[in-house]
Amino acid sequence: MSRVRVRFAPSPTGGLHLGGMRTVLYNYLFAKKHGGDFVLRIEDTDQTRFVAGAEEYIFNCLEWCGMTPDESSRKEGAYGPYRQSERKAIYGQYAEQLVKSGHAYYAFDTPEALEQMRIQYKTEKNPSPMYDAKVRQYMSNSLTCSPEEVQRLFEAKTPYVIRMKMPENETVSFTDMIRGEISFDTNLVDDKVLLKSDGMPTYHLAVVVDDYLMKITHAFRGEEWLPSAPVHLLLWQYLGWKDAMPQWAHLPLILKPDGNGKLSKRDGDRLGFPVFAMNWQDPKTGEHTEGFKEKGFLPEAFINMLALLGWSSGKEQELFSIEELIETFSIEQVHKGGAKFDYEKAKWFNHCYIQKQQNEQLAVLMQSFIKTEKKYPSDYLVKVAGLIKERCHLLSDFWAQGHFFFETPAIEELQAIKDKWNTDKAAFFITWTVALNSVTDWSHDILEQSFNAQVVATGLKKGEVMLPLRIMLVGGKYGPGVFDIAALIGKEETLYRIQQVVQQL
RNA sequence: GGCGCGUUGGUCAAUCGGCUAAGACGCCUCCCUUUCACGGAGGAAUGACGGGUUCGACUCCCGUACGUGCUACCA
């Protein structure tokens, strides 16, 4: 069998969403598992939808996840160029070849004529008429015009497209790697435009030609492409490449968490979670969309979560390293049905990966979330990371969970102390801070011993003074052990915080 | 409307004719922790519906319903 070659073929039109990233992942895993090549091909045949920066953005997203293509516009292999706009000259000849063999024809219909046709043939039973075998005989094309007329139109530089001539009464079928046997009736498929009037191919011609020329062996794409599969199948056949056709797999959709339908950027905005892999700013509207990366996701967690959204290994294991995914993944085990995206579960994955992460690395990752000007030594950050990591689902939780390591906190829960405050407690803290003043070995154990001794000496219950102490140091009822916190923030700051609060009571 | 595809707890899902239907997320209770979290122990919650086939069906077949995708000189 020939070397496995797969491709991810996005249009550079905007942010890369979950569905797109998952398509990349499955392609990548499949390629690596079979020792094949992972190709990135930019499908920029629609010049009206071109968005500046979108291609670079795609590269950035793949890089963040460590899924670098083996061949791409940045790393030319033997099958370039990898940008369809730069391959424009290639497609025309194949379209012409199809015209010669009788599988395609020139069509001169203006946009107005097409619209007119759709209105004319529209009925209640057929709300969207197709340019098909019946309709094409009433349109302006090389099937209805005489050769002389066609010649005249060419000479007059009349804009034209090349349309595929769909056969009548045929059944086209193929085996999808996920869904099995699928078949279509050609009477229900229209004469797709293959080559546009600007000389650019449409997706239909371009995928087939490029997949052939790039020797793609397996083609994975979203389920939304299923209805046009017969067009592609026939093209492979008419171009005489049937034996080289890749195996197809149509991936299920990723659905919105509530209600029904395909997950869209809007849902993320509405429900408060990212949909794009990384931050994306639309150059035209200036609209900014937060990505998983900037939201505080670790790429390993993001990938793990994505892999299991529509695929299952069949085992109980849920945490997979990229190597394990490559080892375990199989396209046949991808589900047929769409999966609703669950942000809570996504955060759970991230939480797991944060726990696995070394404190040293976490400290570096968390740095961008510190909101104070002051710089802290890295070993301080490492200690903080170790103390609060288990409370974080996102890297961005770092601040909410550990801000008091970097600033004197506002006392949110002052009332909780006030309610049960009395002179005994006030005396406790005053005498304890005095005792603390002479402590030289400022460590967790010493602090705890000192505190316990003071509790015994005053006859108070430990719990009565523990909670106030926590609130004095943290501002609220949360966070790591109080003596850990005190030990880390240091003597001066600890005493300062206690005194500040005691004064307010 | 037509065509395609899909349908196991709230969500992700296991099962490839033997089910008293795994597991995970989330939720609830309890334990641990004089905070929160982590961890531990429990709990509630599932085969869209109707027909077949079969000793036996969540698993196979057929209908129905529902959902979703497509139906552009967009991908």
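Below, chain A is the first sequence line, B the second, and so on; all start at residue 1. As the structure is a computational prediction, the values presented were derived from the model and not from experiment.
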Spacing between [X] atom [atom1] and [N] atom [atom2], to the nearest angstrom:
X	N	atom1	atom2	answer
A:Leu188	B:G2	CG	P	11 Å
A:Gln401	B:U35	CD	P	16 Å
A:Lys340	B:G6	NZ	P	18 Å
A:Lys315	B:A22	NZ	C1'	15 Å
A:Leu195	B:C73	CG	P	13 Å
A:Gln317	B:A24	CD	C1'	12 Å
A:Glu223	B:C70	CD	P	10 Å
A:Leu226	B:G67	CG	P	20 Å

Nearest to the side chain of [X], which nucleotide is it out of [options]?
X	options	answer
A:Trp225	B:G1, B:G69, B:A75	B:A75
A:Glu390	B:A37, B:A75, B:C73	B:A37
A:Phe184	B:U68, B:G4, B:C12	B:G4
A:Trp348	B:G26, B:C73, B:U34	B:G26
A:Met130	B:U34, B:U35, B:U71	B:U71

| query | Do A:Ser197 side-chain and B:C73 base share a donor-acceptor contact under 3.5 Å? | reply |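 Indeed, a donor on one side and an acceptor on the other fall under 3.5 Å apart.
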Any N or O donor-acceptor pair linking the side chain of A:Lys345 to the base of B:A24 at under 3.5 Å?
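Under the 3.5 Å cut-off, the side chain and the base do form a donor-acceptor pair.
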- Message: Determine whether a donor-acceptor pair (N or O, by modelled atom type, separation under 3.5 Å) exists between the side chain of A:Thr123 and the backbone of A:Asn126.
- Response: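 Yes, the answer is positive, given that a donor and an acceptor are paired below the 3.5 Å cut-off.
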Q | Main-chain N/O of A:Glu390 paired to A:His351 side chain as donor or acceptor, under 3.5 Å | A |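 Yes: the side chain of A:His351 pairs with the backbone of A:Glu390.
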(request) For A:Gly479, answer base if it contacts any base atom (sugar-phosphate contacts may also be present), sugar-phosphate if it contacts only those atoms, and nothing otherwise; contact means non-hydrogen atoms under 4.0 Å. (result)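 Base, at least one base atom sits under 4.0 Å.
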Sugar-phosphate, base or nothing in reach of A:Thr45, heavy atoms under 4.0 Å: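 Sugar-phosphate, backbone atoms only, no base.
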Does a side-chain N-to-carboxylate-O contact under 4.0 Å join [X] and [Y]?
X	Y	value
A:Asp211	A:Arg41	yes
A:Lys477	A:Glu412	no
A:Asp210	A:Arg87	yes

If you measure from the P atom in B:A75 to the same atom in B:C70, how many Å do you get, rounded?
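Each nucleotide's P atom is 14 Å from the other's.
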Euclidean distance for P, B:C25 against B:C73 (whole angstrom)
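Nearest-Å result for B:C25 against B:C73 at atom P: 49 Å.
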With no hydrogens and no angle check, do the side chains of [X] and [Y] hold a donor and an acceptor under 3.5 Å apart?
X	Y	value
A:Tyr105	A:Asp191	yes
A:Gln415	A:Asp419	yes
A:Asp44	A:Ser85	yes

Which sits closer to the 5' end of RNA chain B, A:Leu255 or A:Ala9, going by the nucleotide each is nearest to?
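Upstream on the strand: A:Leu255.
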Fill in: Of A:Pro111 and A:Lys262, the one whose closest RNA chain B nucleotide lies more 5'
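The 5'-side residue here is A:Lys262.
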With the threshold set at under 4.0 Å for non-hydrogen atoms, list the residues of residues 163-181 of chain A touching RNA chain B in residue-number order.
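Result for residues 163-181 of chain A: A:Arg163, A:Arg179, sorted by number.
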